[in-house]
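Structure first, then comments.
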Amino acid sequence: MPRDPYHSLVSELMAQQTQLDRVVPRFEAFVRRFPDFRALAAASREDVLEAWSGLGYYRRARLLHRLALEVAAGGGELPSSAAELERLPGIGPYTAAAVASMVFGEAVPLMDGNIARVGARVLASADDPRGKEGRAAVLEWVRGLMNGAPPGDVNEALMELGATVCTPNRPDCVRCPLTEGCRARCEGDPTAYPPPRQTRAVVDLRWLVVVVEDPKRRWLLRQVAEGPILRGLWLPPFAEIDSGRPLEQQALGLLPFDVTQSIGISKPIRHSITHRRIEAIPARAVIDHPVRVAKGWSWADPANPRLPTSSLLGKLLGSVSTSSSV
DNA sequence: AATGCGGGGGC
DNA sequence: GCCCCAGCATT
């Protein structure tokens with residue numbers, strides 16, 4: 001991984017919850033386009049998001065942009081300690097420790113998903129490494145490996161070990177340099193650690209999503225006001241389907257104005273949010289005159305809404321524009 | 001301590 | 001299909 005502070009930071013942010021193979025090409029294009037903190041700070045948020053598109057977790061891009069603005073305003077130098085780094089937007093315990101140890105040589109241990117697994121197995125700890133005690137135990141174990149070795153190399157090597165040898169399903173213990181002292185290996189079944197996440201039951205939902213397009217090809221969006229998910233994001237009006245009523249009638253009921261044009265029902269779209277599995281059925285209408293809408297509603301170009309939204313909007317755009325109605 | 005946030009690859 | 005991924009912010 002890069003030793004330059006800016007490059008290191010960008011790559012670590014991209015690597016959050018994203019496999020490294022996927023990061024590399026995007027990282028190279030990103031730093032070509034934005035070579036340093038100043039260039040990134042000078043860019044528009046829209047350009048940054050465009051360079052990020054496809055990577056997911058877009059909040060990372062917005063936070064990185066904010067971080068660049070802060071760093072550029074402060075002289076263009078990144079702080080060098082994990083404690084200071086963690087105060088910057090988008091930087092948590094993992095990223096702070098990664099940059100501090102790999103770029104600045106600070107002896108601070110880190111834990112990602114790989115090291116959580118490796119540590120839990122070596123220690124055969126009953127505590128989940130994602131919990132408070134288990135996490136502390138793993139970090140202490142990593143710190144103990146830094147005796148004399150460069151801290152960044154220790155952190156990096158352990159992550160690499162987890163990614164290539166001590167894998168979730170079929171750990172290759174024969175090839176593992178830690179097999180001697182591994183308590184889980186000694187017990188016989190390394191995959192017993194860490195304890196499996198308790199999985200929440202999957203909830204199936206069916207949503208009716210009303211896509212109204214005006215003469216400028218803008219879509220009617222509504223800011224999601226309540227509910228546990230998507231709050232504050234802008235999407236076409238939607239609601240859970242009441243199977244007792246015609247879809248067209250329900251679609252009309254979701255709109256803030258009357259529509260006399262015909263409503264077409266399109267092919268369903270799948271979307272998942274954590275433990276919810278959503279089948280979204282687009283209902284589509286094209287109106288022939290602009291309509292003024294109240295606060296909480298907006299007209300926006302669906303390909304570039306310039307409003308906070310969910311990837312569901314992109315799925316709708318792709319689906320509605322390519323599929324015929326049914 | 002839980003929950004939301006994307007998208008792709010492996011099995 | 002389901003699980004996981006060089007996590008963070010918010011509640």
TODO: Describe the nucleic acid contact of A/L63 in one word from base, sugar-phosphate, nothing, applying a heavy-atom distance below 4.0 Å.
DONE: sugar-phosphate
Task: N or O in side chain of A/R276 less than 4.0 angstrom from B/dG4 OP1/OP2 - done: yes
Open item on the list: For a quick test of reading the model: is some side-chain N or O of A/S11 closer than 4.0 Å to OP1 or OP2 of C/dA6?
Closed with: no
- [ ] Calculate the interatomic distance between A/L88 atom CG and C/dC8 atom C1'; express it in whole Å.
- [x] 13 Å
Task: Per A/K132 side chain, nearest of listed nucleotides B/dG6, C/dG7, B/dA1 - done: B/dA1
Task: Charged tip of A/R222 within 45° of A/F238 ring normal and under 6.0 Å - done: yes
TODO: Please measure how far the P atom in B/dT3 lies from the corresponding atom in C/dA6, and state the result in whole Å.
DONE: 24 Å
TODO: Counting heavy atoms from C-beta on, name the nucleotide in B/dC5, C/dC5, C/dC8 closest to the side chain of A/Y57.
DONE: B/dC5
- [ ] Determine: side-chain N/O of A/T95 to OP1/OP2 of C/dC8, distance under 4.0 Å, yes or no.
- [x] yes
Task: Options C/dA6, B/dG6, C/dG7, nucleotide nearest the side-chain atoms of A/Y58 - done: B/dG6
Task: Side chain of A/P93 (C-beta onward), nearest among C/dA6, C/dC8, C/dC5 - done: C/dC8
TODO: Scan every strand shown for a Watson-Crick or G-U wobble partner of B/dG6, both distances under 3.5 Å, and answer none if you come up empty.
DONE: none
Task: Main-chain N/O of A/L316 paired with A/S319 side-chain donor or acceptor, under 3.5 Å - done: no
Open item on the list: Taking A/R38 first and then A/D36, would you say they form a salt bridge - that is, a charged N and a carboxylate O separated by under 4.0 Å?
Closed with: no
TODO: Nearest whole angstrom, please: distance from the P of C/dT11 to the CZ of A/R231.
DONE: 8 Å
- [ ] Could you please name the option among B/dG4, C/dG7, C/dA6 that lies closest to any side-chain atom of A/A163?
- [x] C/dA6
TODO: Could you check A/R62, A/E70, A/R60 and say which one makes a side chain to side chain contact (heavy atoms under 4.5 Å, CB included) with A/P89?
DONE: A/E70
Open item on the list: Tell me whether A/E156 is salt-bridged to A/R3, with the criterion being a basic N under 4.0 Å from an acidic carboxylate O.
Closed with: yes
- [ ] Could you tell me whether A/R270 contacts a base, only the sugar-phosphate backbone, or nothing, with contacts defined as non-hydrogen atoms closer than 4.0 Å?
- [x] nothing
- [ ] Grab the CD-P distance between A/E156 and C/dA6 for me, whole Å please.
- [x] 13 Å
Open item on the list: Need to verify one output field. Residue with the more 5' nearest nucleotide on DNA chain B, A/L230 or A/R135?
Closed with: A/R135
Open item on the list: Just the rounded figure in Å: distance from C1' of B/dG10 to CG of A/D172.
Closed with: 17 Å
- [ ] Would you indicate which nucleotide in C/dA6, C/dG7, B/dG6 comes nearest to any side-chain atom of A/R60?
- [x] B/dG6
Open item on the list: Considering every strand and a 4.0 Å limit on heavy-atom distances, what is the contact class for A/I91: base, sugar-phosphate, or nothing?
Closed with: sugar-phosphate
Task: Note, A/P256 side chain near A/V291 side chain (heavy atom, < 4.5 Å) - done: no
Open item on the list: Distance check needed: B/dG8 C1' versus A/M14 CE, whole Å only.
Closed with: 16 Å
- [ ] Have a look at A/R22 and say if it touches a base, only the backbone sugar-phosphate, or nothing, with a 4.0 Å heavy-atom cut-off.
- [x] sugar-phosphate
Open item on the list: Return whichever of A/Q17 or A/N169 has its heavy-atom-nearest nucleotide of DNA chain B closer to the 5' end.
Closed with: A/Q17
Task: A/R277 CZ - B/dG4 C1' separation (whole Å) - done: 18 Å
Task: Atom C1', compared across B/dG6 and C/dC5: separation rounded to whole Å - done: 12 Å
- [ ] Kindly say whether, by distance alone, the side chain of A/T18 makes a donor-acceptor pair under 3.5 Å with the base of C/dG7?
- [x] no
TODO: In whole angstrom, give the distance that lies between atom CZ of A/R130 and atom C1' of C/dC3.
DONE: 12 Å
Open item on the list: Using a heavy-atom cut-off of 4.0 Å across all strands, would you classify A/G54 as base, sugar-phosphate, or nothing?
Closed with: sugar-phosphate
Open item on the list: Any heavy-atom pair between the side chains of A/F27 and A/H7 that's under 4.5 Å?
Closed with: yes
TODO: Under 4.0 Å between any heavy atoms, over every strand shown, what does A/G56 touch: base, sugar-phosphate, or nothing? Just pick one.
DONE: base
Open item on the list: Whole angstroms only, please: what is the CE-P distance between A/M111 and C/dC5?
Closed with: 11 Å
